[in-house]
Amino acid sequence: MSHHKIEVSNLHFSYPDGHEAIKDISFTIYHGESVGIIGANGSGKSTLLSLIMGILFPDRGEVKVGEVTVTKKTLAMIRQRLGMVFQDPDDQLFMPTVFDDVAFGPRNYNLDENEVKTRVEEALEMVGIPHLIDRAPFKLSGGEKRAAAIATVLSMKPDVLIMDEPTSGLDPKSRRKLINILKGFSHTKIITSHDLDMVLETCDRVIVLKDGEIAADGTTQEVLTNGKLLDSCGLEIPLSMQKCPVCGMIK
Ligand SMILES: Nc1ncnc2c1ncn2[C@@H]1O[C@H](COP(=O)(O)OP(=O)(O)OP(=O)(O)O)[C@@H](O)[C@H]1O
Ligand SMILES: [Mg+2]
């Protein structure tokens, strides 16, 4: 289904202070792929996601979703198809209750209130927080906020799920729950993370960014076992793939 294809071509972006954050990046993500975008702090991961979502616009090059180029004019359509969970859940939650936050997107599409309620309940069920429906988002714990932020995107039923550092700040159980949720989605997924063990479990392809450029783009196995490459990009082989210091075995 080519309409879910995301095509990034010769993308360049500098922040207003002149900092060149994205330098000539090109790749295509196909329907159903799960792609991890990894790289050291400041390598350009969040900037790249913002360019894909049309939160920022490139100086040169373009992003196409299916046949549609991301521009200010096409944003409404793009946002129906791509749902993004931000690095900081506080950027996503702003309503008085979790219900209202998760209902915000569906209400914007003028769905009737029964359908909105069903979507909210389904989304909260998927992320395991149906009991928080009437709570104030700003009073939730970090992990609860992240689950609520993911639900605000799921309630929109996007074709493509984009997540910036989804496991940061999660305790081991919440992290495991999130990994299982991600594995359960048949959506096209783009996930940035420093949690390379999570990337190993949830992504079949990995793009490595270094100083705003693509340092590697390959299968997860290929990229995450390449110690030399990861080291040169300020990263390490995932813990679960490192040899046991005592017996030398890989788990
Ligand atoms: N608003 C801004 N103005 C100027 N430079 C910025 C701005 N936001 C980010 N940058 C710079 O752009 C580069 C890429 O930042 P970005 O946030 O995309 O990195 P990242 O890979 O997501 O890092 P992290 O792993 O820390 O989240 C960095 O050098 C950063 O300092
Ligand atoms: Mg970031």
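Every number for a ligand or one of its atoms is a count from 1 in the order of the listing. Please read all numbers here as calculations on a predicted model, not as lab measurements.
- Arg175 places no side-chain N or O within donor-acceptor distance of the main-chain N or O of Leu170, the cut-off being under 3.5 Å.
- Looking at Asp100 and Arg107, a side-chain N of the basic residue comes within less than 4.0 Å of a carboxylate O on the acidic one, giving a salt bridge.
- Under the 3.5 Å distance criterion, with hydrogens and angles disregarded, a donor-acceptor pair is assigned to the side chains of Asp197 and Ser240.
- When side chains are defined from C-beta on, Leu182 counts as touching Met163, because their heavy atoms get closer than 4.5 Å.
- At least one donor-acceptor pair closer than 3.5 Å links the side chain of Glu144 to the backbone N or O of Ser141.
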Please tabulate, for side-chain N and O atoms in residues 200-210, each donor-acceptor pair with protein atoms closer than 3.5 Å (sequence neighbours left out).
unit_1, atom_1, unit_2, atom_2, d
Glu201, OE1, Arg176, NH1, 2.9
Glu201, OE1, Lys183, NZ, 3.0
Glu201, OE2, Arg176, NH1, 3.3
Glu201, OE2, Arg176, NH2, 2.8
Thr202, OG1, Met198, O, 2.8
Asp204, OD1, Ser34, N, 3.1
Arg205, NE, Asp217, OD1, 2.9
Arg205, NH1, Thr28, O, 2.7
Arg205, NH1, Glu33, OE1, 3.0
Arg205, NH1, Glu33, OE2, 3.4
Arg205, NH2, Thr28, O, 3.3
Arg205, NH2, Asp217, OD1, 3.4
Arg205, NH2, Asp217, OD2, 2.9
Lys210, NZ, Ser232, O, 3.1

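- Residue pairs meeting the salt bridge (Lys or Arg N to Asp or Glu O under 4.0 Å) criterion with at least one partner in residues 121-136, sequence neighbours excluded, are Lys117-Glu121, Glu122-Lys157.
- Considering only heavy atoms from C-beta on, Leu132 stays 4.5 Å or farther from Leu124 through its side chain.
- For the Mg ion (ligand 2), protein N, O or S atoms under 2.8 Å: 2 in total.
- Salt-bridge formation is detected for the pair Lys145/Asp90: a Lys NZ or Arg NE/NH1/NH2 atom is positioned less than 4.0 Å from an Asp or Glu carboxylate oxygen.
- Sorted by chain and number, the residues within 4.0 Å of ligand 1 by heavy atom are Tyr15, Asp17, His19, Ala21, Ala40, Asn41, Gly42, Ser43, Gly44, Lys45, Ser46, Thr47, Gln87, Glu165, His194.
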